[in-house]
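The residues of the chain are indexed from 1 along the displayed sequence.
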Amino acid sequence: MLNYYDTAIDQVVINANNPTPPEQKYLIEHYGVSQEVMRYALDKFERPRISYDEATQSYLMVISVPFQQTTLERIVQSVTIFVNKQVLVCFTSPECQYVMPHIIQISKNNGNASQSPIFEIFAELVRIISDNFLELVKQFYDEQERIELRFHQRKHRSQTINDLADLQTRITFGVAATSGNDDLIDEIYSLIDEDDNDFELSANLEKRLELAEIEANQAEKNLQLINEIVQQLSGTYNNLLNNETNDVMRYLTVYSLILTIPTIVGGFYGMNVRLPLANTSWSWLLIIIITVILIVIMVLDMLRRHFL
């Protein structure tokens, strides 16, 4: 679906929300969107980047945004923005369409009064998306605390471990996304500093870029921090489970050894040969005494060796 918006910038602003093949063809024929750009736009997991095509005088920005669902495979998706002298097209999916109000608001606030409205839109969008990732970090912290509390309940441990693995994977996706978004600011500086363009770094754009860089870096650092916490938590839980498994195996070994002694003693007195004191009326009591003595000796030896 193609939605058109009126803003204060020169370009027509279009939201291409899961465009159909006829709509893709229309954008290519009427607004100069190349087939290559269309392929990038339809790839929902494209790496964040900014590029400038001198031949068509167009910009392409790909930014990772938090996906408005909690499913593992869709924790982040890419939003592609194509800009030339004629149009600004934002390619989104229905779940990522929430970025459009931000783009419209930024476009209305900046407008033609700005010397470089496109860069200001890019910088402000990076800042806003980074704030959204910070909100995601808060959710990750809350989920990590709930997992930590549930782990001490034995009946929920299996599900808790699965939840922890799921959380760690989603955080990894978030770290990769924010790292790519953080690099976008450096790429904008690089485009401005190129010798073959007439752009000047205005005070307003420089301020926006600084704020965007701070927010993007903060989002990346916070996700890296929660990633380290979850990794350490996962390692601690693995150690606890390994220790519990070792304790179980130790007790099973002790029980097996103890139960072996009556079997050996009984096996001797069950043989078809003459044995000392085997024909007396209290032979069964002798077998029990011998068995108990051997068990006590074994248990004392295990205690001495700190096996128990």
Side-chain angles (χ1 to χ4, degrees), residues 1-20 23-24 26-28 30-33 37-38 40-42 44 46 48-52 57-69 76-136 177-178 180-181 184-185 187-188 191 199 202 204-216 219:
M1 180 183 295
L2 300 181
N3 298 314
Y4 296 80
Y5 301 90
D6 293 326
T7 64
I9 62 176
D10 293 334
Q11 290 87 349
V12 177
V13 177
I14 302 175
N15 175 214
N17 184 29
N18 276 357
T20 61
E23 291 171 342
Q24 297 173 25
Y26 180 82
L27 292 173
I28 292 172
H30 291 81
Y31 293 108
V33 180
V37 170
M38 191 62 67
Y40 291 145
L42 297 178
K44 300 306 179 184
E46 182 70 20
R49 62 190 181 86
I50 291 179
S51 61
Y52 176 69
Q57 296 185 344
S58 61
Y59 292 93
L60 178 70
M61 176 183 179
V62 182
I63 183 171
S64 294
V65 302
F67 198 74
Q68 295 301 297
Q69 288 186 4
V76 293
Q77 275 198 5
S78 296
V79 170
T80 301
I81 301 174
F82 171 80
V83 185
N84 59 19
K85 292 184 178 180
Q86 185 182 7
V87 68
L88 184 154
V89 185
C90 180
F91 295 89
T92 62
S93 63
E95 294 80 8
C96 299
Q97 202 174 5
Y98 68 91
V99 302
M100 277 310 299
H102 297 307
I103 295 177
I104 301 305
Q105 188 62 41
I106 298 168
S107 302
K108 289 181 178 180
N109 291 342
N110 293 334
N112 294 323
S114 173
Q115 295 179 349
S116 51
I118 301 305
F119 285 141
E120 293 193 9
I121 291 174
F122 288 169
E124 191 66 10
L125 187 60
V126 171
R127 185 189 67 80
I128 292 173
I129 295 302
S130 298
D131 285 340
N132 290 342
F133 272 110
L134 288 173
E135 292 297 323
L136 190 63
T178 52
N181 289 348
L184 291 177
I185 303 300
E187 294 181 19
I188 293 176
L191 287 175
F199 296 119
S202 64
N204 188 42
L205 176 58
E206 184 176 11
K207 181 179 179 180
R208 289 184 182 274
L209 287 172
E210 288 177 355
L211 290 175
E213 188 172 20
I214 291 172
E215 293 296 325

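Taking the six-membered ring where tryptophan is involved, the planes of F122 and Y59 are perpendicular, since the angle between them exceeds 60° and thus also 30°.
Between atom CG of residue N84 and atom CG of residue L60 there is a gap of 11.5 Å, rounded to the nearest 0.5 Å. Rounded to the nearest 0.5 angstrom, N15 CG and M1 CE are separated by 9.5 Å. Considering CZ of R208 and CG of L125, their distance stands at 12.0 Å, rounded to 0.5 Å. Of the inter-residue distances, the one linking E187 atom CD with L184 atom CG reads 5.5 Å to the nearest 0.5 angstrom.
Applying the side chain to side chain donor-acceptor pair (under 3.5 Å) criterion to N132, with sequence neighbours excluded, gives no partner residue. With sequence neighbours excluded, the residues forming a side chain to side chain contact (heavy atoms under 4.5 Å, CB included) with A16 are L2, P19, L27, V89, F91, listed by chain and number. Checked against side chain to side chain donor-acceptor pair (under 3.5 Å), T80 has no partners two or more places apart in sequence or in another chain.
Within the cation-pi definition used here (under 6.0 Å to the ring centroid, within 45° of the axis), R49 qualifies as a partner of Y40.
Across I188 and I50, no two heavy atoms sit closer than the pair CG1-CD1, 3.3 Å. Closest approach of N181 and S64 over heavy atoms only: ND2-O, 2.8 Å. Between V76 and A177, the closest heavy-atom pair is CG1-CB, 3.9 Å. Taking every heavy atom of both residues into account, A212 and A123 meet most closely at CB-O, 3.2 Å. When all heavy atoms of L136 and P66 are compared, the pair lying nearest together is CD2-CB, 4.4 Å.
For the pair D131 and E135, the minimum side-chain heavy-atom distance is 4.5 Å or more. E215 places none of its side-chain heavy atoms less than 4.5 Å from the side chain of I128. Counting heavy atoms from C-beta on, the side chains of F82 and S58 come closer than 4.5 Å. When side chains are defined from C-beta on, Y98 does not count as touching T92, because their heavy atoms never get closer than 4.5 Å. Put simply, the side chain of I63 reaches to within 4.5 Å of the side chain of V126, judged on heavy atoms.
No salt bridge links K207 with E210; every basic N to acidic carboxylate O contact stays at or beyond 4.0 Å.
For Q86 (side chain) and H30 (main-chain N/O), a donor-acceptor pair under 3.5 Å exists by modelled atom type. With hydrogens and angles ignored, the 3.5 Å screen pairs a side-chain donor or acceptor of S78 with a backbone N or O of E46. Between the side chain of Q105 and the backbone N or O of H102, no donor-acceptor pair lies under 3.5 Å. Looking only at distances, no side-chain donor or acceptor of E213 sits under 3.5 Å from a matching main-chain atom of I185.
Under the side-chain contact (heavy atoms from CB on, under 4.5 Å) rule, C90 has a single partner from I103, I14, V13, which is I103.
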